[in-house]
Amino acid sequence: EPEVTQTPSHQVTQMGQEVILRCVPISNHLYFYWYRQILGQKVEFLVSFYNNEISEKSEIFDDQFSVERPDGSNFTLKIRSTKLEDSAMYFCASTRGVTGEQFFGPGTRLTVL
Amino acid sequence: GESVGLHLPTLSVQEGDNSIINCAYSNSASDYFIWYKQESGKGPQFIIDIRSNMDKRQGQRVTVLLNKTVKHLSLQIAATQPGDSAVYFCAEREEYGNKLVFGAGTILRVKS
């Protein structure tokens, strides 16, 4: 069964450093998403992406965040200058159509020290 | 400083019993609702969904009920098994949107 994959599974970084989280969505999917989940809290929407453009973003997704689809398979989330409060699980998701079921990856745990 | 996570409500059930997990939503414009299961260290896993033109939908061992009048969603799990132990989230989506808005989650513990 096709699945969304994410790398790395755990990223530890120093405050102020840049991190790039990587995702490989399901191959025939066209809509891509990033969500985050702070430990013990609910999953929060960050951004959605379609046709090489951001289609929607939340208040959390400020100028420190960016997304990119550098090639036909990867979808990345970059945090330019990490803060302590960026520590969270980051989930990538994808859908085939705009209203389809969102399939989630296993997540990347980001720890900012 | 450290942020303190929310205390999630916990439902403890005996193996074989039925479980009912509830969720309240706030957005009247939401027209699609999903239940996700999240096991420790994993991403949310789709369980069942329902559109706003329905009030009940059944899957294998699971049933979702939607009451739009009071903006309430529930997930019923029949004959709960130890493998059902997880955190369960409801999520909603607006008719012309694609982002999911998740609820706070409920911990389900199944006792053998």
Side-chain angles (χ1 to χ4, degrees), chain A residues 1 3-6 9-10 23 25 29-51 54-61 83-109 111-113, chain B residues 1-10 21-27 29-54 57 59 62 64 73 86-107:
Chain A
E1 188 176 315
E3 57 183 17
V4 177
T5 59
Q6 291 185 243
S9 57
H10 192 189
C23 168
H29 284 190
L30 301 175
Y31 295 80
F32 314 113
Y33 311 84
W34 283 101
Y35 291 82
R36 80 169 186 193
Q37 184 179 32
I38 294 170
L39 184 64
Q41 298 189 20
K42 59 184 177 182
V43 178
E44 300 173 288
F45 170 79
L46 292 178
V47 66
S48 58
F49 190 86
Y50 168 72
N51 199 26
I54 290 174
S55 45
E56 190 171 0
K57 60 183 180 179
S58 71
E59 291 175 354
I60 303 168
F61 194 90
K83 302 187 283 284
L84 295 176
E85 53 265 39
D86 293 328
S87 294
M89 283 288 286
Y90 287 81
F91 294 106
C92 173
S94 69
T95 59
R96 181 150 188 208
V98 65
T99 57
E101 175 192 334
Q102 291 190 20
F103 291 83
F104 282 78
T108 293
R109 178 173 298 284
T111 301
V112 183
L113 302 175
Chain B
E2 270 190 24
S3 62
V4 178
L6 295 171
H7 271 296
L8 297 182
T10 300
I21 300 171
N22 296 303
C23 176
Y25 66 94
S26 56
N27 188 353
S30 293
D31 82 324
Y32 177 63
F33 305 89
I34 315 102
W35 280 100
Y36 282 94
K37 173 186 181 183
Q38 187 179 27
E39 295 173 289
S40 182
K42 297 185 179 179
Q45 178 188 359
F46 174 91
I47 302 173
I48 191 167
D49 58 3
I50 188 167
R51 298 202 177 272
S52 59
N53 60 353
M54 303 170 70
R57 189 157 187 238
V62 294
V64 55
L73 194 66
V87 180
Y88 288 79
F89 292 95
C90 65
E92 58 184 299
R93 192 184 66 206
E94 289 185 9
E95 184 175 2
Y96 297 110
N98 55 9
K99 75 175 186 189
L100 296 178
V101 176
F102 282 79
T106 297
I107 298 170

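Values below: all heavy atoms of this structure, side chains included; hydrogens, waters and symmetry mates excluded. A, B, ... follow the sequence lines: proteins, then strands. Residue 1 opens every chain.
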What part of A:Gln102 is in contact with chain B, defined as an atom under 4.5 angstrom from a non-hydrogen atom: side chain, backbone, both or neither?
both
Considering only heavy atoms, which portion of A:Ser58 lies under 4.5 Å from any heavy atom of chain B: side chain, backbone, both, or neither?
neither
Short side-chain to backbone donor-acceptor contact, A:Tyr35 and B:Leu100, under 3.5 Å:
yes
Contact part of A:Phe103 toward chain B, heavy-atom cut-off under 4.5 Å: side chain, backbone, both or neither?
neither
Do B:Tyr36 and A:Phe104 come close enough that some side-chain heavy atom pair is under 4.5 Å?
yes
Can the ring centroids of A:Phe45 and B:Phe102 be said to lie less than 6.0 angstrom from one another?
no
How many angstroms lie between CE in A:Met89 and CD in B:Gln38, if you round to the nearest 0.5 Å?
7.5 Å
With only heavy atoms counted, which part of B:Lys42 is less than 4.5 Å from chain A, the side chain, the backbone, both or neither?
backbone
Nearest heavy-atom contact between B:Asn98 and A:Ser48 is OD1-OG, 3.6 Å
Does atom CZ of B:Arg51 have more than 12 heavy-atom neighbours, drawn from other residues, nucleotides or ligands, at distances under 6.0 Å?
yes
Identify which part of A:Gln6 has an atom lying under 4.5 Å from any heavy atom of chain B, answering side chain, backbone, both or neither.
neither
If you define the side chain from C-beta out and look only at heavy atoms, does anything of B:Phe89 sit under 4.5 Å from A:Gln37?
yes
Most contact-rich option vs chain B, by heavy-atom pairs under 4.5 angstrom, among A:Tyr50, A:Phe91, A:Tyr31, is A:Phe91
